Amino acid sequence: MAGGSAIRGSRVGAGPMGEAERGEAAPRVWVSYWCSAGHETRPSFSEEPGMVIPDTWDCPRCGLPAGQDKENPPAPPKNEPYKTHLAYVKERRSDEDGAALLDEALAALRARRGG
């Protein structure tokens, strides 16, 4: 005797599939995008008045930006290396400014300690 559920393989709300039950599908527009690696992506958009198609789309295969011009895809983004807090400070201040700030801070610390 086989045990188990009589509704195996079905889900709640499952029934006959068809347009009558789900309604009419919206008209679609397919747009081709190409990335610099040569991958083509064709997302679909619902066709409606005033629709705006994005100029770029992220490639689902490699993650690079993709454009609608196959011969001239967008360039990959430039990855800047991680900068430490000290690197940002050195961009804003010269060594002389840093020395002056250090002397000022040390003078204030010595004045508080009475030395």
Side-chain angles (χ1 to χ4, degrees):
M1 179 166 120
S5 174
I7 59 170
R8 170 174 266 167
S10 65
R11 58 186 161 77
V12 174
M17 300 297 278
E19 292 299 321
E21 198 172 291
R22 294 183 299 169
E24 293 296 319
R28 308 299 287 174
V29 173
W30 284 267
V31 179
S32 291
Y33 291 92
W34 289 272
C35 68
S36 59
H39 303 134
E40 180 183 10
T41 304
R42 295 195 69 216
S44 67
F45 301 94
S46 64
E47 188 175 4
E48 56 189 40
M51 67 184 269
V52 177
I53 305 273
D55 293 331
T56 60
W57 194 263
D58 289 338
C59 177
R61 292 179 64 190
C62 63
L64 294 174
Q68 296 179 27
D69 185 3
K70 183 177 184 177
E71 302 303 321
N72 191 16
K78 303 237 188 261
N79 290 334
E80 294 188 22
Y82 173 76
K83 288 185 184 179
T84 63
H85 176 69
L86 181 60
Y88 283 110
V89 170
K90 286 184 176 183
E91 284 181 1
R92 292 192 317 263
R93 305 208 189 279
S94 67
D95 288 342
E96 294 80 25
D97 291 341
L101 287 171
L102 179 61
D103 290 340
E104 182 183 324
L106 287 174
L109 182 63
R110 289 181 183 126
R112 274 193 306 214
R113 288 188 174 179

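Just so it is clear, the model here is predicted, and its values are computed rather than measured. Counting begins at 1 with the first residue of the sequence. Side chains are part of it too, since the values below use all heavy atoms of this structure and drop only hydrogens, waters and symmetry mates.
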Requested in this report: Please check if the side chain of Glu48 supplies one atom and the backbone of Pro27 the other of a donor-acceptor pair under 3.5 Å.
Outcome: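 Flag not set: sc Glu48 to bb Pro27 has no pair under 3.5 Å.
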Query raised in the report: Roughly how far apart are Leu64 CG and His39 NE2, rounded to 0.5 Å?
Result: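 The NE2 atom of His39 is 8.5 Å from CG of Leu64, to the nearest 0.5 Å.
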Query - Residue list, side chain to side chain donor-acceptor pair (under 3.5 Å) with Arg28, at least two apart or on another chain - result: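 Residues passing side chain to side chain donor-acceptor pair (under 3.5 Å) with Arg28: Ser44.
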Query raised in the report: Which residues pass the side chain to side chain donor-acceptor pair (under 3.5 Å) test with Glu96, sequence neighbours left out?
Result: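 So Glu96 forms a side chain to side chain donor-acceptor pair (under 3.5 Å) with Ser94.
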Which atom names give the shortest non-hydrogen contact between [X] and [Y], and what distance separates them?
{"X": "Thr41", "Y": "Pro60", "value": "OG1-CD, 3.2 Å"}
{"X": "Cys35", "Y": "Ala66", "value": "N-CB, 3.7 Å"}
{"X": "Pro74", "Y": "Gly67", "value": "CD-N, 3.2 Å"}
{"X": "Arg42", "Y": "Ser32", "value": "NE-OG, 3.3 Å"}

Query - CG (Asp103) with more than 12 external heavy atoms under 6.0 Å - result: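 It does: Asp103 CG has more than 12 such atoms within range.
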Please check if [X] and [Y] belong to a single hydrophobic cluster, counting links between Ile, Leu, Val, Met, Phe, Trp and Tyr side chain heavy atoms closer than 4.5 Å.
{"X": "Met51", "Y": "Trp30", "result": "no"}
{"X": "Ile53", "Y": "Trp34", "result": "no"}
{"X": "Leu101", "Y": "Leu106", "result": "no"}

Requested in this report: Using the salt bridge (Lys or Arg N to Asp or Glu O under 4.0 Å) rule, collect all pairs that involve residues 59-88, keeping only residues at least two apart or in two chains.
Outcome: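 Pairs touching residues 59-88 that pass the test: Lys83-Glu91.
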Requested in this report: Evaluate the ring planes of Tyr33 and Phe45, with Trp represented by its six-membered ring, and classify them as parallel (under 30°), tilted (30 to 60°) or perpendicular (over 60°).
Outcome: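 Taking Phe45 first and then Tyr33, their aromatic rings stand perpendicular (interplane angle over 60°).
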